[in-house]
J.: 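Structure provided below as structure tokens; questions to follow.
Hydrogens, waters and symmetry mates play no part in the numbers below; they use all other heavy atoms, side chains included. Chain naming here is simple, since letters A, B, ... match the order of the sequence lines and numbering starts at 1 in each.
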Amino acid sequence: MTRSARLGLSLTVLAWAGLGLAPLVLDDWNIGLLTQYVTYGIFALSLGLIWGQAGILCFGQAIFFGIGAYSMALVTLGKLPWLGDSQWTGLALAVLLPMMVAALLGWIMFQGRALSGAHLAIVTLCAAVVCEIAARRWEFIGGFNGLFNVPPLSAPNGDPLSTNATYFFVGIAALLTYLLSLWIGRSPLGTVLAGIRNDERRTLHFGYDVRLHKIFVFTVSGAMAGFAGGLFTTQFGFVSPPLVGFALSTEVLIWVAVGGRSVLMGAFLGALAVRATENAMSASLDQYWLIALGALFILVVVVLPQGLFGKLLALAPPRRLGRGGTR
Amino acid sequence: MQCILGPNGCGKTTLFNVVTGEFAPDGGEVRLGGRNVAGLSPYRISRLGVARKFQVPGVYPELSVAENIEIPLAAGAGRYGPLSLLGYRPDPVRRDRLLDLCGLAGKAGDKVGEIAHGEKQRLEIAMLVARDAELILLDEPTAGMSGAETSAVASLIRRLRDEEGKSILVIEHDMNFVRQLECPIVVMVRGKIVAEGRYEEVSRDPRVIESYLGKRH
Amino acid sequence: MHLNSRISRRKVLFTGAAGALAGLAMPYVARAAGDPIKVGILQPFSGGLEVLGQQGFQGAEMALLEANEAGGVLGGRMFEIVKADDRTDPKTAVERTSELIRRDKVTAIIGPVTSANRDAMLPTIERYKTPLLYATDYEGGVCSRYVTCYSALPAHWVNPLVPYAVENLGKAFYLVGSDYVWPQKMNKAFREEVEKAKAKVVGEEYTPWGAKDYAATLRKIESAGADVVVITIVGADAVTFVKQFAAAGLQSKIKIIFFGFNENYVAGLSEAESNGIVAPSNFIANLDKPEAKAFVQRFHARYGANAVVSNTTDAHYTLTRFFIEGVKKAGADDKEKILAAMVGQSLMSGNGEVDLRASDRHADLNVLIVQVDNGQLKVLKDLGRIVAPSQCG
Amino acid sequence: MQATIALLLDTANFTLALLLVTLGLVVIFGLMNVINMAHGEFFLIGAYVVVAVSGATGSFWLGLLLAPVVLALVGLLVEWLIIRHIYHRFIDTILATWGLSLVIKQGVVVLFGPGAQSVPNPLPTAVDVFGVQYPAYRLFIMALAAALALATYYLFFRTKLGLQIRGVIANRAMAASLGINTRRMDRATFAVGSALAGFAGAVMAPIMSVDPQMGVGFLIPSFLSVLVGGVNSLVGALIGSGVIGGATTIFSAGISQADAQILVFLLAMIIIRFLPNGIIGGRK
Amino acid sequence: MLQVENLVAGYPSGGRVLKGATFDVAKGEVVALLGRNGMGKTTLMRALAGQLATQGGSFRLDGRELGNCPSYVIANEGIGYVPQGREIFKDFTVEENLLMGVLGKPRLPNRLPPDIYDFFPVLGERRRQKAGTMSGGQQQQLAIMRCLVGQPKLLLLDEPSEGIQPSIVDEIGRTLQAIARSTGLTILVVEQNLDFVETLAGRALFMENGVIADRADRIGQLRERPELVHRYLSI
């Protein structure tokens, strides 16, 4: 293992250990905040998977996040009586529904002559705008103001989980999502996706149904984003149309780009870092904070195309692909 | 094994593009094992056992040598969809043999964009072998290689034919290399076949010489 | 100096010149009287509604600073203001709410502007049992122990305005609004009142957010034979609409009723474009009443003669004063006690005496019908106190 | 009859207004392959130049003339500071210009305040067009947009500078090997694109709300116009603006404008999905 | 006139194709550069034209160091480049293509000289036609003229006969020879067609593996020493 790969591995482990030990040093309020950031981190992972791994730049990732959030809200508020109102059902729907929508959208976009580049970006962006408008006008899901009073995550007996318990629940969910993405990325499937990102035509000529692979990873990503959306709703207690819209789609793109799209952990930590910076700046710089944020962002993009953590957190290739082979 | 010889721009690469499904032909058929495959998409044709080498080496520059090899190795599993790839474990012995074959055994972890041009060409041939195809199409496999390297590639290709029993179609304009392949040759000029036969016969054909060297030779 | 030592990164204790003097004069009193009472002002300071956010903030801030300058409450305790920006975005609003309550431990939150943000904040507000003071006009229907509204409801503005409009402006109305809930509720109420008044609605239409071209809509308004166009488009889109309405030469044929029009819109329109717009309002800056003049004068003394005073400023100021009086009456900074004490009172607003009902925590407001005349809002008719139906149940 | 003429005028009007905004985008996105998310903010600066100049001198027309000049300078600055570092990083152009749009928008808030500014209509009369009363200023915009489109066409297809710019776009390396200073052409192209955006902002200022958010609403329709018509082509931009502007106006004549918007977006997505090269590119 | 010393160049990703080429070309000379595909000929041409960054060594034109100059500077110093595959502007008319050859040169008037179509009359006939619609041979003529209107001191020609009818190859060869004789133009040409080389060039250099491996100081040696041709061209 090279030095940089060792550094990447230790920093990744350190980051998770740090997250695990956070309740020892942080107070109740900060843990609540961290829980929110970690939820956004799961969302960022979902984009990191398709963008960093398969090269699909989706400008409408919030569609899946929002559908997940709405699913959770509708179930736990008892608006879908035939499904009951259990949070587990809610989470299951928050994963399944966005997954199906992603599969459908992926099928539309990638079949035949697939959309890519600017076209894919603008079409997904438009899809997000259309979904947001549709959500605003659909009374059943709360219309413009959305739905509120979504119950927080609760223990089986109905009591809301404590701040720390919620944190660990969300944190473990994030860890599992991360491990799932990591598993996909480091399996031969990940190699093939990287191949598609790198040279779609070559991969096609090796006999891969490129379209199917893209739809598959898009679907997995949709499910992850929806899962993040479901967890989000339990913490924030509401859903409303901006959650499926253009603004949030752009935000997640920014998190991933700043964190580093080529490395999953970079995308995850990007969400935490950007949200935290925004909060700090918005508090201390008054009306100049947006200017500072914009400038900082330009700087990262121009000077660090790999993102803040792209280089730092790069892991060694899986053992089977290691330097010098297996012997 | 068959070799198609012809000067640059005579339609060799276009022929490959039609055979592998890159373009649909304007007319005529492409038969593979008796089945007309013209107009099928490239991945379907590839699954029928056709593998193709590109003229500009069709390797993945951002990936490592090992990853480059893994993609064609896993293609057999990949035909059952993405999920089957998740659990797929490539045979390490076979992989190492392929790396040896292309002479990149020590460079498994190197990024392909940064290895030498000749190494990329050899890597791509090894990738075709990894793909386990019946019919291998090689588009100028020695472009950019020195004399010694060319001979090595020629013997590698002969081995594929003799030991592994592959059908091989080579596009080349380098007469010297073609001679080393010891195979039947057709010569294409401007999209049409002008001569065919063994190297010795073809190389004496006046039309071939004209197309290659200009008419006064 | 001791005041500054309490100001952490974002907790800014605002004191005017007079406040500083008062503070210096009795530092020991303040310290002895205990910690300041923290109040969060959560407004949009970015994201598109900065104008309203700024005015809402100034209104609330002025009320709190005046209380501090008058020696504080509960035996000299000062109010400490925590300013927070909801960026006109619901999830940010919730994050800020949670921050204000859990980290800054505020006693109450004043804000936000949009209904969407208010609804999004509601679960957090109720979960942590913290009073929310909401002072923007909205569509009605909020009924929560923790939310107190100083808001013009459809019943405040639509019901008294329609008879006046039918009598003075015309009998055929075209309703055009932004594509969301407040215009829809306003227009629903408007339709009902128009039917009662034996006039008719000749068209109703919703336009998308950020629309830049209203030619097709203007054409429909003209061809529908409308006498009056009723605007519930909000923000910048409304300015665009009125500009294009004027450019199309429709002003001479069709009158404008503009719900939510206030002094802020005047700057975005030329005098020719805004002339003749009729709107209901609870307060205007050049209202000819002593309480209004005094309020505007104090406001200008504090924020400069050019600062815009609007309905929003007055609403936030008055509602904050209800809260301050509530604290005094409760005799403690206990949230539940304050909640109980602040309702059921009457206070003098910028426009007459106002009642805050205990039943549904909404205010009975005084309503004016105003018209724009050479870039100035003028009162056409003072309708006095309007009692809206209860918003609970 | 009158209704038809009115509808035609309205359609032509929105199409040309959209074309006016799209022109700058076509130059920067279509020709240089830079997705400029700050295009709306260039538009915004153009409008505020009019606010500032007409505030200082009382002349709207002077502001109209100065806006493209100011924006050309802004374009040069932005190109030098940001864009030239990321020409070959297509995705990064989206991200960096998004950051830029934040900076500009908030910069305007800091300088001019968040509220709307008034730019009085310089031609506040209506003119009779085949029996339809039509606002004079809208006719002015239509004429100007048409003239500007022609001028842009002329610049790119009939002048030697245009030839060089097109040459650089078609084959950068070859153009450089013929002695053309490609860096200078990049700068010129970006400046022209920015100036067009600023001019559009200045022209539109009298008939729309001039506030820091004013550029946002145009971003999506103008990107759609470029993609629907066909990237890389001024004629494509005209067709794209025609489809988006025409569909918006015609749908709005029958149904609520908010419903029309959804239909237009869906229509555009379908066109882009099935004709990735745009209407002009056909189904290659 | 052109001095190339130990020139090293290759792909931007770092692979080296040119591994230290050294040679000189004198004023008025026509030199052929021969070698099999992939030996670095085109890389050398592109490096001399400034389209690839040099990674080592240097090259000078009339004593001025041009290594790592941007290609438009190199073009303005007098190196004209006709690349392999011609790279004409397909959507431009013939006339516009030719104009592109002068517009970038500040020292030339930015219009076409009146006698421009004398060399290849077919271009004059088709001056308003889109260049992409012409045959390969005509496109090659256009590419050469586009370069020549810029009045280069040194012309780099990469595979001018590739994919072109023999009759037109002859015409191009004769015309270039006439231009070289009458104007003293210096030419460095990469070519596989030995006939063409013999028509045009005075001497030849052989490339193998990124270096100049051998030379034929008179073009006649190509016939006298068949082993050279055999070894370096595999024929």
Side-chain angles (χ1 to χ4, degrees), chain A residues 1-2 4-5 52-55 103 106 111-114 180-220 262 306 314 316-327, chain B residues 20-22 41-54 58-79 81-90 92-93 95-96 99-100 105-110 112-113 124 127-128 130-131 133 137:
Chain A
M1 206 187 283
T2 60
S4 75
Q53 204 62 232
Q111 63 142 356
R113 208 185 133 176
L180 172 73
S181 331
L182 201 66
W183 179 47
I184 293 176
R186 293 169 75 82
S187 74
L189 176 60
T191 315
V192 171
L193 291 176
I196 291 173
R197 181 189 71 215
N198 219 225
D199 188 344
E200 206 168 312
R201 177 158 163 248
R202 172 77 269 186
T203 315
L204 194 66
H205 279 278
F206 277 136
Y208 287 98
D209 186 348
V210 167
R211 173 194 61 147
L212 189 67
H213 287 75
K214 283 208 231 171
I215 296 175
F216 175 78
V217 71
F218 200 67
T219 308
V220 172
S262 55
Q306 302 264 25
R319 181 115 47 92
R320 64 172 206 284
L321 296 171
R323 187 164 277 273
T326 42
R327 48 184 156 162
Chain B
T20 56
E22 186 80 17
S41 94
Y43 77 90
R44 289 191 184 278
I45 291 181
S46 168
R47 286 178 187 181
L48 295 170
V50 179
R52 167 193 189 169
K53 183 189 174 311
F54 290 91
V59 290
Y60 303 102
E62 286 175 24
L63 308 187
S64 70
V65 169
E67 287 173 306
N68 266 271
I69 288 282
E70 181 169 282
I71 291 174
L73 265 183
R79 69 190 302 165
L83 278 175
S84 63
L85 285 173
L86 274 176
Y88 175 77
R89 278 285 159 270
V93 179
R95 205 178 58 108
D96 290 345
L99 286 177
D100 278 342
K107 297 192 171 182
D110 287 16
V112 167
E124 196 185 6
M127 286 162 76
L128 301 183
R131 174 67 189 85
L137 306 176

J.: State whether the side chain of A/Thr191 and the backbone N or O of B/Glu67 hold a donor-acceptor pair below 3.5 Å, judged by distance alone.
T.: no
J.: For B/Leu63 and A/Ala194, which heavy atoms make the closest approach, and how far apart are they?
T.: CD2-CB, 3.7 Å
J.: Report, as yes or no, whether the 6.0 Å neighbourhood of atom CZ on B/Arg44 holds more than 12 heavy atoms from other residues, nucleotides or ligands.
T.: no
J.: Quick check for you: to the nearest 0.5 Å, what is the distance between B/Asn68 atom CG and A/Asp199 atom CG?
T.: 10.0 Å
J.: Would a distance-only check, ignoring hydrogens and angles, find a side-chain to backbone donor-acceptor pair under 3.5 Å from A/Ser187 to B/Leu86?
T.: no
J.: If you count heavy-atom pairs within less than 4.5 Å of chain A, which of B/Glu70, B/Arg52, B/Arg131, B/Glu62 leads?
T.: B/Glu70
J.: Should B/Ile71 and A/Arg202 be marked as a side-chain contact (heavy atoms from CB on, under 4.5 Å) after you check the CA-CA gap, both sets of side-chain angles, and the distance that decides it?
T.: CA-CA 10 Å; B/Ile71 291 174; A/Arg202 172 77 269 186; over 6 Å; no
J.: Taking side chain as everything from C-beta outward and backbone as N, CA, C, O, which of these in A/Arg197 sits under 4.5 Å from a heavy atom of chain B? Side chain, backbone, both or neither.
T.: side chain
J.: Between chain A and each of B/Gly58, B/Ala133, B/Pro90, B/Gly87, count heavy-atom pairs under 4.5 Å; write down the option with the most.
T.: B/Gly58
J.: Is the closest side-chain donor-acceptor distance between B/Tyr43 and A/Asp209 under 3.5 Å?
T.: yes
J.: Write down the atom of B/Gly81, the atom of A/His213, and the distance for their closest heavy-atom approach.
T.: C-NE2, 4.4 Å
J.: Aromatic rings B/Tyr60 and A/Phe206: how do their planes relate, parallel, tilted or perpendicular, breaks at 30° and 60°?
T.: tilted
J.: Begin from the C-alpha positions of A/Tyr208 and B/Leu85 and carry the test side-chain contact (heavy atoms from CB on, under 4.5 Å) through to its verdict.
T.: CA-CA 11 Å; A/Tyr208 287 98; B/Leu85 285 173; 4.2 Å; yes
J.: What are the two closest non-hydrogen atoms of A/Gly207 and B/Arg47, and how far apart are they?
T.: O-NE, 2.9 Å
